[in-house]
Peer 1: 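Just passing along the structure, written as structure tokens.
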2 protein chains.
Amino acid sequence: MLPQSRRDLILRTLRADGPSEVRALADKLGVSQATIRRDLEHLDTEGRLTRVYGGAMVVDDDHDDPWADVAAERVEDKDAVARACADMIKDGETVLLDIGTTAHRLARLLHGRALTVITSNLAVFDELRDDENVELVLLGGVVRRAYHSLVGYLTEDNLRQVHANRLFLGTSGVRGDGAVMDTTVVEVPVKRAMIKAADQVVLMADGGKFPGVGMARVCGPEILNVVVTTASADPATRRAFTDAGVEVVEA
Amino acid sequence: MLPQSRRDLILRTLRADGPSEVRALADKLGVSQATIRRDLEHLDTEGRLTRVYGGAMVVDDDHDDPWADVAAERVEDKDAVARACADMIKDGETVLLDIGTTAHRLARLLHGRALTVITSNLAVFDELRDDENVELVLLGGVVRRAYHSLVGYLTEDNLRQVHANRLFLGTSGVRGDGAVMDTTVVEVPVKRAMIKAADQVVLMADGGKFPGVGMARVCGPEILNVVVTTASADPATRRAFTDAGVEVVEA
DNA sequence: AAGAGTTTGCTCAACTTTGCGCAAGTTGGG
DNA sequence: CCCAACTTGCGCAAAGTTGAGCAAACTCTT
């Protein structure tokens with residue numbers, strides 16, 4: 001057993017079974033606890049795991065990465081929304097995926113599907129770049145590292161040249177009157193261009209987005225065709241959607 | 001047994017059976033451990049495997065990847081060309097990087113530089129996506145997985161909207177009359193759009209590209225401003241460049 | 001707050017791997 | 001035929017890895 005293989009195995013064990021003690025790892029791998037300690041120290045300095053007293057755990061996501069913080073929030077809700085969205089997509093369709101973590105969760109469910117996916121979401125790109133089944137179209141733009149996205153006039157230009165059956169739109173929050181909001185102003189023109197490029201607009205907004213934050217208004221409820229949300233969504237806002245003729249799906 | 005066959009066999013063994021120790025490989029192939037070590041070192045510098053203490057592991061990458069084969073060819077020459085190109089770039093400039101492995105080698109030398117890099121080369125994107133110093137602009141397009149690139153009319157559209165101080169152009173080969181050729185027809189319109197978008201066109205062509213293959217003609221020598229090559233370049237073709245008023249730089 | 005039990009950092013000795021110089025064998029050209 | 005360039009195998013010193021022992025630091029319970 002090579003030292004490097006052993007370290008890889010430690011990481012895989014931690015990812016599969018969660019935090020583990022030094023003793024358990026030593027028994028499992030058939031080496032002394034001293035060796036395990038040295039391995040853990042090594043992997044810790046590499047940033048691949050977090051050393052804790054008595055053992056180690058998989059690395060705690062970067063906190064200076066706004067994406068990581070958001071990505072960890074309400075994962076179950078977002079996955080539920082993503083599943084409902086994935087069920088709406090038929091093979092052969094062209095779908096447009098907005099930036100944000102919910103769209104990324106949706107992309108995870110599209111592996112192996114015969115689809116064309118258009119996106120400016122780098123997390124979606126990373127998820128699907130090796131999947132031969134998916135025809136993947138990346139919109140141009142300036143790389144915004146903190147948001148894992150591409151933005152700018154190049155993105156908008158590209159969006160004027162493409163067309164999709166469905167847009168899956170993310171949001172930072174929904175106002176009581178059904179208006180879709182966003183905190184990052186620079187993304188708003190991109191979102192509007194996406195809306196123009198799609199036949200149908202599906203808003204992905206788990207219950208935590210009702211009522212929501214965001215200084216910039218992206219669009220009103222009348223633009224939307226479907227809203228996919230969860231049980232915890234505010235009833236008044238839901239009514240605003242149904243009143244505007246939007247189909248509300250509870251995932 | 002040819003050294004090259006032996007190295008191929010080492011790679012196949014690693015792919016089939018996973019990580020292996022130096023001793024095991026030496027026994028299997030009937031050569032000394034010293035030879036195995038030299039082979040592993042060689043393959044590691046080519047990036048075809050990862051050397052670890054006690055043995056080697058397959059590099060964590062796609063195996064059926066035509067890119068990997070090309071990327072391993074004439075690495076020293078390409079690096080020499082890339083270094084000469086990197087020296088031409090001044091801080092604050094906007095540079096356009098073509099697809100191909102030579103442009104990727106160039107990108108590796110741009111870490112930490114205050115530059116704007118525009119590219120449709122996914123290897124360049126991967127190289128620079130985490131470097132805060134570099135303003136990175138990705139051109140839109142359809143993902144061509146085998147070539148690590150983005151192509152199509154979205155790419156060309158984006159190129160009409162940007163401008164760069166310098167284009168670093170790759171090629172599959174240069175004809176005797178100085179014409180720049182390419183094997184992949186679908187890339188030609190993209191390359192031509194890149195040429196239009198840049199003040200200065202720098203051709204990166206190590207000696208192995210003279211004389212070169214490629215069914216599609218990208219442009220003639222009169223379009224180029226600088227050619228960066230290596231000592232092994234064919235003298236007649238070099239003359240074709242100088243006759244056309246192109247500065248030839250030997251890296 | 002004190003004590004028992006555990007974990008950790010450290011050093012030491014045994015072992016393995018590595019890098020390097022050197023000599024022998026092979027290939028291709030003048 | 002000889003020479004230069006290359007590859008290969010071997011020996012040795014240097015560096016890396018491993019496991020054990022021990023004092024100090026830490027956690028948990030009382």
Side-chain angles (χ1 to χ4, degrees), chain A residues 1-15 17-60, chain B residues 1-15 17-60 69 72-80 206-208 210 230-235 250-251:
Chain A
M1 164 88 67
L2 294 167
Q4 191 55 52
S5 315
R6 193 181 54 235
R7 295 188 186 124
D8 288 348
L9 203 54
I10 289 175
L11 281 176
R12 240 184 304 152
T13 303
L14 290 179
R15 279 199 259 269
D17 306 335
S20 183
E21 295 172 20
V22 173
R23 174 60 158 279
L25 289 170
D27 288 349
K28 185 182 175 79
L29 300 178
V31 293
S32 75
Q33 298 186 33
T35 302
I36 294 293
R37 287 204 184 88
R38 280 185 277 246
D39 282 342
L40 295 182
E41 185 185 8
H42 197 268
L43 290 165
D44 187 32
T45 58
E46 277 185 351
R48 312 236 281 159
L49 54 75
T50 302
R51 190 79 167 83
V52 295
Y53 194 88
M57 44 198 291
V58 284
V59 67
D60 212 340
Chain B
M1 163 94 63
L2 292 168
Q4 194 51 56
S5 327
R6 193 182 55 236
R7 292 184 187 135
D8 288 344
L9 202 53
I10 290 174
L11 283 175
R12 243 184 301 153
T13 303
L14 290 179
R15 282 172 195 158
D17 307 333
S20 184
E21 296 171 25
V22 173
R23 173 62 156 279
L25 289 169
D27 288 350
K28 185 182 174 81
L29 300 179
V31 294
S32 76
Q33 297 188 33
T35 302
I36 294 293
R37 272 188 249 282
R38 281 185 278 246
D39 283 343
L40 295 183
E41 186 185 10
H42 196 267
L43 291 165
D44 186 35
T45 57
E46 281 184 349
R48 312 236 278 161
L49 55 75
T50 304
R51 189 77 167 87
V52 296
Y53 194 89
M57 313 172 61
V58 284
V59 64
D60 212 359
D69 295 333
E73 290 171 8
R74 296 187 305 278
V75 175
E76 299 79 12
D77 276 15
K78 286 178 178 175
D79 275 343
D206 62 84
F210 293 64
T230 52
S232 57
D234 168 52
E250 189 175 308

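Order of the sequence lines fixes the chain letters, A, B, ..., with proteins taken first and strands second; residue numbering starts at 1 for each chain. Just so it is clear, the model here is predicted, and its values are computed rather than measured.
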Peer 1: For A:R7 and D:dG16, give me the distance from atom CZ to atom P, rounded to whole Å.
Peer 2: 13 Å
Peer 1: Using a strict threshold of under 4.0 Å (side-chain N to carboxylate O), is an ion pair present between A:D8 and A:R12?
Peer 2: no
Peer 1: Starting at CZ of A:R37 and ending at C1' of D:dT17, how long is that distance when rounded to a whole Å?
Peer 2: 16 Å
Peer 1: In whole angstroms, how far is the C1' atom of C:dT8 from the CG atom of A:D44?
Peer 2: 14 Å
Peer 1: So, does B:T35 get its side chain near the phosphate of D:dG9, meaning an N or O under 4.0 Å from OP1 or OP2?
Peer 2: yes
Peer 1: State whether A:R6 places a side-chain N or O below 4.0 Å from either non-bridging phosphate oxygen (OP1 or OP2) of D:dT18.
Peer 2: yes
Peer 1: Judged by each residue's nearest nucleotide on DNA chain D, which is more toward the 5′ side, A:L2 or B:I36?
Peer 2: B:I36
Peer 1: Over how many whole Å does the gap from A:L43 atom CG to D:dT17 atom P extend?
Peer 2: 13 Å
Peer 1: Between atom CZ in B:R38 and atom P in D:dT7, what is the gap in whole Å?
Peer 2: 10 Å
Peer 1: Calculate the interatomic distance between A:R23 atom CZ and C:dG5 atom C1'; express it in whole Å.
Peer 2: 13 Å
Peer 1: Check this for me: does any side-chain nitrogen of one of B:R7 and B:D39 sit under 4.0 Å from a carboxylate oxygen of the other?
Peer 2: yes
Peer 1: Reckon A:R51 touches a base, only the sugar-phosphate, or nothing at all at heavy-atom distances under 4.0 Å?
Peer 2: sugar-phosphate
